Amino acid sequence: MTAFTGTGRLVQLALRRDRIQLPIWLVVIVGVLAALTSSVTGIYDTHQEQLSYATTNVASAVARAFNGAIAGPSLGSIVAAETFVFLSVIVALMSGMTVVRHTRQNEETGRSELIGAGVVGRHAPLTAALIVTVGTNLVLAGGATGVLVASGLPGSGSVAMGLALAGVGISFAAIGAIAAQIPESARGANGLTAAVLGGAFLLRAIGDVTGAPRPDGLAMDSGWVSWLSPIGWAQQIHPYDSPRWWPFGILVGFFLVAVGFAFLLTAHRDVGMGMVPARRGPRTAPRWLLSPIGLAWRLHRGVLLGWTIAIAVLGLAFGTVSDEIDDFAETSDAIAEYFTQMGGTDALLDAYLAYCMGLFGLAVAGYAVQALLRTRTEEASGRLEPVLAAAVSRPRWMLSHLVCVLAGVVVLLLTAGVTVGLTYGLIAADLWGQLLRLTGAALAQLPAVIVLAGLSAALFGLLPRWVTAVSWASFMICLLLEQIGELLELPQAVLNLSPFAHIPNVPVEEVTASPLLVLSTIAIGLTVVGVLLHRRRDLTPA
Amino acid sequence: MTVAISVSKLVKNFGTTRALDQLDLEVATGEVHGFLGPNGAGKSTTIRVLLGLLRKDSGEVSVLGKDPWHDAVALHRRLAYVPGDVNLWPNLSGGEAIDLFGALRGGLDPVRRDELLERFALDPTKKCRTYSKGNRQKVAIVAAFASDVELFILDEPTSGLDPLMEAVFQECVRELKRDGRTVLLSSHILAEVEALCDRVTMIRDGKRVDTGTLAELRHLTRTSVSVETAEPLSGLDELPGVHDLSLVNSHYARFQVDTDALDHTLRHLTRFGIRSLTSTPPTLEELFLRHYDHGNDRVTTGVAQRAGA
Ligand SMILES: Nc1ncnc2c1ncn2[C@@H]1O[C@H](COP(=O)(O)OP(=O)(O)O)[C@@H](O)[C@H]1O
Ligand SMILES: [Mg+2]
């Protein structure tokens, strides 16, 4: 028996377990790429429009922060700018999570002890997870290339773009492989992978913002910071304008080195254990823990802290970048003209800030859904049973969690408003005014956020076994409607399905009370339904 | 006799599966009552109905004179529960989990808590994620036994404990009984039930198959005997009440004998000059087999399931 014995069987097992999940990821990613490509090729169909897109990208640091630096004034490069960074984040998440699922999560649930008791080598689980993930990425590359070629983009560039996405995927498969060795929980390993992904996104954003324009002003070379990020490497392939193949060497090289490191770590630890040893806890519980609300707070606070830090960093970054918009308006005639077209610098700034607040609203809604689903995790894992077998009523237990979710959501929105308000207020030399105005704008997202949380609460009461899947699906639908709904020219009735569609576009628009009140009432109604239904149903294990 | 738990004609369905089918159960105040049945028989389901965690479909259920679904909170102040599968919060220490369960139930005695921690040799500073199944069970057991309540509902509480801890557990249950508390103990382990229980209810497929004291149940069952004699054995196969006879050689036999046929069988054996004799009381499996034998070919699955499910 070698260290790799049983890999083939584990690959089969993993494919069986993921037979629904991975196809859904692939279909969604390729589908989003197809939809975005078709709308981009429809909008930028003349050379003039393509030139103007490239000029804007070179001029706007904000555009580059999200879309990357443009490689040239071609349709293909515009498609790459509009899709690549966004999709590579999703591909990275899919890849990292798949590796963690088939390694650390198996260990955590004890599945791999069962596997290990059969004839399975020490390195077989990780090898199998990597084979499945790399294979998935290759299928993804094929699908993406097909979609791009079908939209009429050049063949070799489309192959390069498909492979570039897969390159990001395998890099994060390797990062997931390392992350899976460090903490003892799958949640921790996924968190670590996501943190690295956030870092990779931020580094390439800095690189793209600080890049150097080419002499013709229609393309931009990313700054050196981009070279610290796997997403940055993949961007430098420039599939459609002066393509470069050697960054693939870096991606594959990184994959091999990182996977080698992960195998080294596997060889030096026990199954089920992490690199970070578990810490000791107190002998007796602090007084504040000894109630349903104390327990709920204990269960929510760690995740909330992580989110607060992430939101604060993003808020400071978004606020600081707003400076660029002013600067650019002053530096060049062409850009000043562009801004004037957009309605003047102030209007553009406000549009940017409103866009940021919308993003924060969605992000915080993601937190709200995650935190609310804690109720289901508690029930499905069997930890709720002994709590309800004590003198705790079901509504009291559920309200404890709901209070924590609501408090967390308010904290996160305040964090977003205060950090953006602080940085932008300092830049605009209007600290208190902006602080107040942007904190208000952030809090205006609250009703939409709690509608999504309320929906999850109602589903928890109604369909406990489905609440996790359906809640995340609703969140994804809102995310897609908000982010690409207008680009896809969906009818307003469809866009209106998202509660965020009804939030006034503050600070561009004035705050109006009635939609906020209606949304809040819906949220409260859904929550009450959830509490009542939960009171009436059987406790339902996983 | 006052009644602590009374269940009659209880029915509980999960979709199309009928988990409890007209189940009856009666537990007297102050007794330790064994609740026996193969895996999947419906023990945990019954207990969850008794705790108001599941809703009954029909039948009557009363715990300490109250309806467990409607009066759950008031009722739960007066009872303590140890689940069959103890799941704890990975980030809490064992000590925190114990205090939490105690407090949620209405308080626990800190002196008794520390004494129990010592007796069960449980380190309360470890994070729950690092506990084995047995240690997680100890957390629930300590939290339950440190509570001053009338009724203890224990669902296979010792399935992960080693023999030493099993002995400590039995000692604790005896102390509870001495204090006049009522215990419902679901179990697989006959030795445990034998050592602790005043009365036993056996269930299978959601129905009660028998109830009574162990002696009463034993009466219907068989003892295994191995015997070695000086003279060659004869006539055993014709004795009433002797079953599954196997003659290893003419001086050595193994067989089973009905409890009420034990006396005349031994008289028969002494005629051949007994060199050695071992007799084993019926195991739980044999008790099950006897009870679940009646015209049903699922006997073996009943016992085999104990390993799985
Ligand atoms: N939540 C549930 N959903 C569906 N079936 C269940 C559920 N809980 C228990 N069952 C079924 O009910 C029967 C009784 O199970 P259980 O009470 O756990 O048995 P025991 O505790 O005696 O081993 C089994 O067939 C089991 O599969
Ligand atoms: Mg059970």
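Below, chains carry the letters A, B, ... as their sequence lines are ordered, and counting in each starts from 1. Because the structure is predicted, anything quoted here is derived from the model rather than measured.
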Shortest non-hydrogen separation from [X] to [Y] and the atoms involved:
| X | Y | result |
| --- | --- | --- |
| A:Leu295 | B:Leu100 | CD1-CD2, 3.5 Å |
| A:Pro292 | B:Leu104 | CD-CD2, 3.7 Å |
| A:Thr284 | B:Glu96 | O-CG, 4.1 Å |
| B:His76 | A:Ala390 | ND1-O, 3.0 Å |
| A:Asp538 | B:Lys12 | OD2-NZ, 2.5 Å |
| A:Arg537 | B:Trp69 | O-CH2, 3.6 Å |

Part of A:Arg535 within contact of chain B (heavy atom distance under 4.5 Å):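 Looking at A:Arg535, backbone and side chain both touch chain B.
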Please classify the contact between B:Leu88 and chain A as side chain, backbone, both or neither, with a heavy-atom cut-off of under 4.5 Å.
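Contact with chain A involves the backbone of B:Leu88 alone.
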TODO: Let me know if B:Arg113 has heavy atoms under 4.5 Å from chain A in its side chain, its backbone, both or neither.
DONE: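 Side chain only.
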Check your understanding: Among residues 147-157 of chain B, which residues come closer than 4.5 Å to chain A, judged by heavy atom distances?
Key ->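 Expected list: none.
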task: Among the options B:Ile98, B:Asn91, B:Leu92, pick out the one with the most heavy-atom pairs lying under 4.5 Å from chain A.
output: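 Highest number of pairs under 4.5 Å: B:Leu92.
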Determine the option with the most heavy-atom pairs under 4.5 angstrom with chain A, choosing from B:Leu51, B:Leu54, B:Leu79.
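Ranked by heavy-atom pairs under 4.5 Å with chain A, first place is B:Leu54.
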Any sub-3.5 Å donor-acceptor pair from B:Arg105's side-chain atoms to A:Ala389's backbone N or O?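 Checking the backbone N and O of A:Ala389 against the side chain of B:Arg105, no donor-acceptor pair under 3.5 Å is found.
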Under 3.5 Å, is there a donor-acceptor pair between the side chain of B:Ser93 and the main chain of A:Pro282?
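Checking the backbone N and O of A:Pro282 against the side chain of B:Ser93, a donor-acceptor pair under 3.5 Å is found.
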Value rounded to 0.5 Å, distance of CZ in A:Arg280 from NZ in B:Lys127: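 So the gap between those two atoms works out to 11.0 Å.
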